[in-house]
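Worksheet: one structure, shown below.
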Amino acid sequence: MAKKRGFSLDSRAWRLAPGLVLPLMLPVSGAWAQNAESTTTLQPVTVTAGSIADGELPQPYAGGQVSQGARLGLMGNQDVMDTPFNVTSYTSELIQNQQARTLADVMANDPSVRFTTSSGHAYENFRIRGFDVNQNDVAINGMYGLAPMGHVPVEFVERVEILKGPNALFSGMAPSGAVGGTVNLVPKRAGDTPNATFGVNWQADGQLGTTIDAGRRFGAGNQWGARINGAFSDGATTLDGQSKKREFLSAGLDYRGSALTASLDAYHSQESFKGGTPAMFWFGGSVVPEAPDPRINQFSTGYGSIQSNAVVGRVEYRFNDNVSAFAGLGRRDSHQSGLINGTHARQIDADGNFTGSIVGQRAYSDSTTAEGGLRTRFKTGSVGHELVLQASILDTEDGSATGPASMFRSNIYDPIAPIMPPVPGDAPKTSESTLSSLALVDTMSFFDDALRLTAGLRNQRVKTKNFDKTGNVTSRYDEDAVTPAVAVVVKPWGPDVSLYANYVQGLSKGDSVTDTTAANFGQVFAPYKTEQKELGVKWNAGTFANTLALFEVTKPTLVTEGAPASPTYADGGEKRIRGVEWNTFGELTREVRVLGGVTYTQGKQTKTSFGRYDGNTAVGAPRWQANLGLEWDTPWVPGLTLSGRVQTTSKQYADAANNLEIPGWGQLDLGARYATKVGGRDVVLRLNVNNVFDRHYYAGIFSDTTPIATLGPARTVTASVKGCFCSAADAGGPFP
């Protein structure tokens with residue numbers, strides 16, 4: 001039996017199929033082995049190619065920052081080398097070491113992701129492969145409509161999985177129609193060894209907080225598990241004059257039997273702020289003024305609160321080795337009030353003068369989602385099949401009210417203190433929507449799993465109703481569409497190299513013509529189908545891995561035809577993004593870990609109104625995006641790890657005419673952590689500094705149709721101390 005960095009390994013290989021062997025990929029760096037919060041001992045496992053049961057979590061890859069597998073929608077957990085897409089699954093170890101608080105902090109590691117809201121705003125929205133992915137398009141265990149609104153806390157998250165490109169077949173239509181990619185959260189589960197950690201943290205310029213993470217398993221065979229996570233913080237932020245309070249509590253219960261696995265998750269999340277909120281910057285002329293200091297508070301009298309509560313249940317039952325059934329059910333209620341949306345500095349001129357508007361808002365969004373299906377495995381001759389049938393439904397009810405607007409004139413470099421109007425007392429129902437679908441997918445394996453072919457169809461139905469203040473229906477929408485996908489993985493030289501290709505379609509709700517001067521006012525278009533074609537190669541070098549992907553994504557858009565005085569709207573427009581992605585992660589040596597990559601894109605407006613902007617660069621589509629992070633376990637101080645990350649983005653256009661350009665930008669982040677023992681208990685001290693040189697820059701574009709830019713973050717210093725109060729010796733007793 002070989003020993004390596006404190007772990008006993010029965011073998012250097014996992015057998016995937018007869019004749020196919022994949023080198024073992026466990027995180028074995030020195031800092032990982034000494035990390036006080038790594039409370040689950042990884043045991044030798046045998047992994048069979050194909051899907052992994054819902055109750056089984058894919059193991060971390062070498063370095064511990066990224067997982068070896070991720071959830072592929074209805075297909076369940078899949079090994080990365082068997083997945084015909086570019087997918088990255090970030091681990092809880094990375095979340096802890098980078099002191100990430102929200103989803104945006106984690107996604108900042110990905111070179112294909114950029115942000116469409118300014119740092120610190122009440123909502124976090126993204127662009128993946130040049131297309132919008134809103135925060136309400138985030139899934140939990142593959143189901144939409146359940147993630148917290150606004151900021152998504154990550155204290156309860158074991159994995160953040162990013163599957164790039166449209167994937168309506170595997171995940172269904174996202175609530176806001178996101179097609180750039182799918183973001184899925186995997187909640188934490190109790191490990192076989194009890195864990196109990198408590199932390200204290202501080203973030204500039206005065207945010208103090210605490211965290212707790214406790215879990216253990218019960219029963220003769222550890223069938224039952226419970227995991228509790230909590231976080232609380234309060235105090236000043238980097239935005240001048242703003243204070244923010246955050247409360248989060250989650251509980252995860254699970255059962256793992258020989259045939260039945262089940263889980264129940266519940267959370268409460270609330271974030272409130274006063275003393276202002278970050279702005280987005282709407283250019284009004286032909287000049288983009290210099291980016292202001294992100295500490296400057298454009299809406300200093302604003303306040304607000306977002307609260308979400310949810311419960312999610314899942315169950316899977318294996319009738320035998322070849323047939324299993326799965327089901328999920330969840331409910332989320334969310335309430336928002338205050339200055340939440342519309343924080344735009346409008347019509348900014350070359351000197352930074354702008355007009356602003358503050359509106360008090362009250363809103364709610366209640367969602368119920370469910371899914372169920374069957375998975376079967378069988379053979380026809382020498383061909384293996386994994387057939388999945390799934391049905392899903394998401395019901396959402398939204399309500400909102402806005403009070404009178406408070407208008408003002410100001411300057412982005414020297415703003416005034418505007419008047420915050422009152423918030424409405426209640427929010428009437430404004431819309432109902434139902435997304436229902438039925439999907440059938442077959443994954444066929446040939447030649448001892450050296451060739452895998454996946455094909456399937458999903459029929460998606462979209463039903464919506466809109467209401468006025470008195471409850472009368474003002475418009476209806478009821479459309480359906482079929483979205484296909486076909487993908488292939490080939491391993492011509494063994495399991496360490498995968499060649500893949502896919503053709504998939506995404507789906508988003510068709511636009512409605514709201515222009516009262518239009519000849520077809522009120523027309524509702526069928527759901528838009530976004531198409532992706534992708535080729536790629538994945539190489540597992542044993543301790544570090546690479547994915548190289550070439551892709552093309554095209555999405556329909558709304559355009560105008562006919563006379564300007566009475567235009568006719570049509571869905572004949574098109575936006576196209578072509579690109580190349582390179583992602584890498586793992587260990588370069590036993591002491592050095594790498595995470596990052598480069599994305600090169602060519603975004604084009606291929607079909608525009610009257611052909612006016614045909615061939616112009618797409619809005620918010622920079623040519624180059626790159627992220628590179630390194631960690632180094634220092635040889636002279638055991639337990640000390642230094643880290644650094646560079647993020648960079650080239651110039652991009654804010655308008656369809658390509659007259660307004662925001663310059664490229666770069667940011668350096670540095671960090672250090674030290675794992676030691678205090679009083680016989682494991683303790684980890686962490687320090688991270690983001691945007692070390694305090695650069696002021698426009699980071700991205702908020703909208704494809706309006707020239708609004710987001711602002712990069714101010715320099716932020718975060719420090720924390722976490723202690724582990726449970727060890728392997730406590731496995732049979734209560735928490736200390």
Side-chain angles (χ1 to χ4, degrees), residues 11 13-23 45-56 58 68-85 87 142 163 167-171 258-259 261 316-326 372-391 437-459 482-505 533-540:
S11 172
W14 291 344
R15 188 160 301 279
L16 297 183
L20 300 181
V21 175
L22 181 64
V45 294
T46 299
V47 179
T48 302
S51 67
I52 305 168
D54 277 355
E56 299 178 11
Q68 297 178 35
R71 187 181 190 91
L72 190 60
L74 60 84
M75 300 296 293
N77 291 321
Q78 302 279 322
D79 189 280
V80 168
M81 299 300 287
D82 294 326
T83 304
F85 300 95
V87 58
L163 176 63
N167 281 282
L169 172 63
F170 302 106
S171 302
S258 59
T261 57
E316 179 169 346
Y317 186 80
R318 293 184 295 278
F319 297 98
N320 52 50
D321 290 342
N322 298 318
V323 180
S324 62
F326 61 92
L374 288 171
R375 293 192 182 98
T376 64
R377 298 176 179 86
F378 59 93
K379 280 195 171 186
T380 55
S382 62
V383 179
H385 295 263
E386 183 176 349
L387 191 67
V388 183
L389 176 67
Q390 183 226 32
S437 65
L438 181 66
L440 180 66
V441 180
D442 187 15
T443 298
M444 294 163 279
S445 57
F446 306 83
F447 311 115
D448 288 332
D449 217 49
L451 170 63
R452 294 169 62 86
L453 175 65
T454 300
L457 296 170
R458 180 182 291 271
N459 179 262
V482 175
T483 52
V486 60
V488 62
V489 176
V490 183
K491 302 176 183 178
W493 305 292
D496 294 342
V497 177
S498 293
L499 309 179
Y500 73 90
N502 65 66
Y503 170 81
V504 296
Q505 289 188 354
K533 303 166 187 174
E534 181 178 356
L535 296 171
V537 57
K538 300 179 183 183
W539 173 40
N540 169 34

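Salt-bridge check for Asp449 with Arg452: passed, with a basic side-chain N closer than 4.0 Å to an acidic carboxylate O.
The closest side-chain heavy-atom distance from Phe447 to Lys491 is not below 4.5 Å. You'll find the side chain of Val388 reaches within 4.5 Å of the side chain of Phe326, heavy atoms only. Contact check for Leu389 versus Leu74: no side-chain heavy atoms found under the 4.5 Å cut-off. Leu169 is not listed as a side-chain neighbour of Val504, based on a closest heavy-atom distance of 4.5 Å or more.
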Might you work through the side-chain contact (heavy atoms from CB on, under 4.5 Å) test for Gln78 and Val87, ending with a clear yes or no?
CA-CA 10 Å; Gln78 302 279 322; Val87 58; over 6 Å; no
Please assess Gln68 against Met81 for the test side-chain contact (heavy atoms from CB on, under 4.5 Å), listing each intermediate value before the final yes or no.
CA-CA 8 Å; Gln68 297 178 35; Met81 299 300 287; over 6 Å; no
For a side-chain contact (heavy atoms from CB on, under 4.5 Å) check, start with the C-alpha distance between Val486 and Leu453, then their side-chain angles and the critical distance, and finish with the verdict.
CA-CA 7 Å; Val486 60; Leu453 175 65; 4.0 Å; yes
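Remark: Asn320 CG is packed, more than 12 non-hydrogen atoms of other residues, nucleotides or ligands lying under 6.0 Å away.
Residues Met444 and Val383 share a closest heavy-atom pair of CB-CG1, 4.0 Å. Nearest heavy-atom pair across Val489 and Tyr500 is CG2-CB, 4.1 Å. Of all heavy-atom pairs spanning Phe170 and Leu72, the tightest one is CB-O, 3.9 Å. Contact between Arg318 and Ser258 at its shortest, heavy atoms only, is NH2-O, 2.9 Å. Considering every non-hydrogen atom in both Lys538 and Thr83, the closest pair reads NZ-O, 2.6 Å. Across all their heavy atoms, Asp321 and Arg377 have their closest contact at O-NH1, 4.0 Å.
Thr443 OG1 to Asp82 CG: the interatomic distance, rounded to the nearest 0.5 Å, is 9.5 Å. From Arg71, atom CZ reaches atom CG of Leu163 across 12.0 Å, with rounding to the nearest 0.5 Å. Rounded to the nearest 0.5 angstrom, Leu387 CG and Leu440 CG are separated by 5.0 Å. How far OG of Ser324 is from CZ of Phe319: 8.0 Å, rounded to the nearest 0.5 Å. Rounded to the nearest 0.5 angstrom, Ser437 OG and Leu457 CG are separated by 12.5 Å. Rounding to the nearest 0.5 Å gives a distance of 7.5 Å between OG of Ser171 and CZ of Arg458.
Between His385 and Phe378, the ring-plane angle classifies as parallel under the 30° and 60° cut-offs.
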